[in-house]
Amino acid sequence: MIPILFFFFAAVAIASGIMMIVHRNPIYCALFLILTLFAVAGLYVLLNAPFIAAVHIIVYAGAIMVLFLFVIMLLDLKSETSRQRPGGLPRILSIIMSGVLLAELVLFLRSGTANLPLVEGDLIIGSTKEIGNLLFTEYLFPFEITSVLLLSSIIGSVILARLKLK
Amino acid sequence: MEIPISYYLLLSGILFTIGVVGVLTRRNAIVVFMSIELMLNAVNLTLVAFSKQFNSLDGQIFVFFVMVVAAAEVAVGLALIVAIFRLKQTVSIDKINIMKW
């Protein structure tokens with residue numbers, strides 16, 4: 001069952017990812033990205049990380065993508081979508097370079113992870129309790145730092161949005 | 001039957017490359033931003049896969065922090081895009097070149 005689910009989620013993630021970068025309309029791009037995010041959340045469940053899967057859906061699909069859609073609809077991009085530049089040398093070159101990057105990654109994977117040791121022991125499942133325990137003991141300081149980061153980003157975005165231009 | 005970790009890493013590499021292609025080829029700043037999100041997701045998938053491989057939760061904690069950074073980055077980045085749109089009436093990255101020379 002797990003292999004079928006893995007290949008299903010992987011196919012959905014890759015297909016909707018490709019659709020995201022080729023579709024002309026930014027709103028459809030955002031919707032395809034949401035589909036990719038859901039597929040990745042399914043993969044997290046297969047990897048024994050239910051808490052991360054839930055947070056992933058809530059934060060990405062629930063908050064970040066709503067923000068994206070909100071901005072897309074706020075800025076009237078109708079005229080933008082119709083006059084995208086056609087092909088050209090830079091586009092072909094960038095696709096070739098990305099292919100080189102993928103080949104490098106695959107080569108690296110083949111040489112590096114061929115015989116990784118599987119750590120034995122009790123199976124750890126990333127439940128809310130376990131993650132919360134770690135976050136508030138071992139990772140307490142980074143956890144507090146993230147709150148400062150979020151505060152500064154809130155202040156920064158409010159200032160940027162209220163900026164008086166000209 | 002278990003899926004070997006290399007499958008997850010390969011999938012994450014493909015997703016990362018799709019994100020790179022999106023950043024390099026798209027001209028709409030918002031879609032470029034979404035491609036960056038896709039790249040962050042690919043890295044998160046790698047971290048969770050290694051977390052399972054080594055039977056430890058540290059990778060999942062890192063995913064948590066990466067999500068926080070992504071959320072902060074999106075908030076500031078979209079505010080920047082809105083400010084640029086109000087200034088220049090466009091979000092095409094070909095026309096936003098005031099810091100180029």
Side-chain angles (χ1 to χ4, degrees), chain A residues 2-3 6 10 13-14 17-18 20-21 26 29-30 33 36-37 40 43-44 47-49 52 55 59 63-64 67-68 71-72 74-75 77 80 84-85 91 94-95 98 101-102 105-106 109 113 116 118-119 121 124 126 130-131 134-135 139 142 146 149-150 153-154 156-157 160-161 163 165, chain B residues 1-3 5-11 13-18 20-22 24-28 30-31 33-35 37-38 41 44-45 48-49 51-57 60-61 63-65 67-72 74-76 78-83 85-87 90-92 94:
Chain A
I2 285 182
F6 170 78
I14 292 174
I18 290 175
M20 185 199 94
I21 60 166
C29 293
L33 182 55
T36 313
L37 297 177
V40 173
L43 291 172
Y44 288 162
L47 284 168
N48 299 336
I52 292 296
V55 170
V59 171
I64 293 184
L67 202 60
F68 267 111
V71 169
I72 291 171
L74 195 68
L75 316 178
L77 298 174
E80 203 76 37
Q84 281 223 333
R85 281 213 317 204
R91 172 166 293 186
S94 59
I95 289 175
S98 308
L101 173 69
L102 183 61
L105 286 175
V106 171
L109 285 184
T113 62
L116 270 178
L118 197 61
V119 176
I124 295 181
E130 302 287 330
I131 301 258
L134 264 182
L135 265 186
Y139 290 93
T146 55
L149 174 73
L150 283 177
S153 83
I154 291 170
S157 50
L160 280 172
L163 213 58
L165 301 165
Chain B
M1 183 199 148
E2 287 285 307
I3 300 282
I5 186 176
S6 54
Y7 283 36
Y8 284 101
L9 298 181
L10 182 64
L11 171 65
I14 292 172
L15 284 179
F16 192 88
T17 312
I18 292 174
V20 170
V21 174
L24 290 178
T25 58
R26 292 304 297 257
R27 302 268 74 90
N28 187 328
I30 294 177
V31 181
F33 236 69
M34 287 187 221
S35 304
E37 292 301 311
L38 190 61
N41 262 289
N44 278 352
L45 187 59
V48 176
S51 164
K52 187 188 182 192
Q53 176 79 20
F54 295 121
N55 206 14
S56 131
L57 281 181
Q60 297 186 21
I61 303 279
V63 171
F64 191 77
F65 290 128
M67 276 182 200
V68 173
V69 172
V74 163
V76 175
L78 286 178
L80 273 173
I81 289 178
V82 170
F85 184 80
R86 288 196 348 216
L87 185 67
T90 180
V91 292
S92 171
D94 281 335

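Chain identifiers are assigned alphabetically (A, B, ...) following the order of the sequence lines, protein sequences preceding nucleic acid strands; residue numbering begins at 1 within each chain.
Of the residues considered (B:V21, B:I61, B:L15), B:I61 shows the highest number of contacts with chain A, using heavy-atom pairs under 4.5 Å. Among the candidates B:N41, B:V20, B:L24, the residue making the largest number of heavy-atom pairs closer than 4.5 Å to chain A is B:N41. Contact count versus chain B (heavy atoms, under 4.5 Å) is highest, among A:V106, A:V40, A:N48, for A:N48. Between chain A and the residues B:L10, B:V48, B:V63, the most heavy-atom pairs under 4.5 angstrom are made by B:V48. Chain A forms more heavy-atom pairs under 4.5 Å with one residue of B:F16, B:Y7, B:F33, B:F65 than with any other, namely B:F65.
Taking every heavy atom of both residues into account, A:P26 and B:M34 meet most closely at O-CE, 3.7 Å. Nearest heavy-atom pair, B:V68 versus A:L149, reported as atom, atom and distance to 0.1 Å: CG1-CD2, 4.3 Å. Across all non-hydrogen atoms, the minimal contact from A:L33 to B:E37 is CD2-CB, 4.3 Å. A pairwise comparison of heavy atoms in A:A161 and B:R86 identifies O-NH1, 2.9 Å as the closest pair. The two residues B:G22 and A:I21 have their closest heavy-atom pair at CA-CG2, 3.5 Å. Scanning both residues, A:R91 and B:T25, for their nearest heavy atoms gives NH2-O, 3.1 Å.
Of the atoms belonging to A:L37, it is side-chain heavy atoms, and not backbone ones, that fall under 4.5 Å from chain B. The parts of A:L160 that come within reach of chain B are both its backbone and its side chain, each placing non-hydrogen atoms under 4.5 angstrom from that chain. In this structure, chain B has no heavy atom under 4.5 Å from any part of A:A63.
Between A:F6 and B:Y8, the two ring planes are perpendicular [angle over 60°; tilted spans 30° to 60°].
Of the inter-residue distances, the one linking A:I14 atom CD1 with B:I14 atom CD1 reads 4.0 Å to the nearest 0.5 angstrom. One finds the CG atom of A:L74 at 8.5 Å from the CZ atom of B:F85 (value rounded to the nearest 0.5 Å). Here the straight-line distance linking atom CG of A:L67 with atom CG of B:L78 works out to 5.0 Å at 0.5 Å rounding.
Contacts of A:S157 classified as side-chain contact (heavy atoms from CB on, under 4.5 Å), with partners at least two apart in sequence or in another chain: B:A75, B:A79. Remark: A:F68 pairs with no residue by the ring-ring contact (aromatic ring centres under 6.0 Å, His included) rule, at least two apart or across chains.
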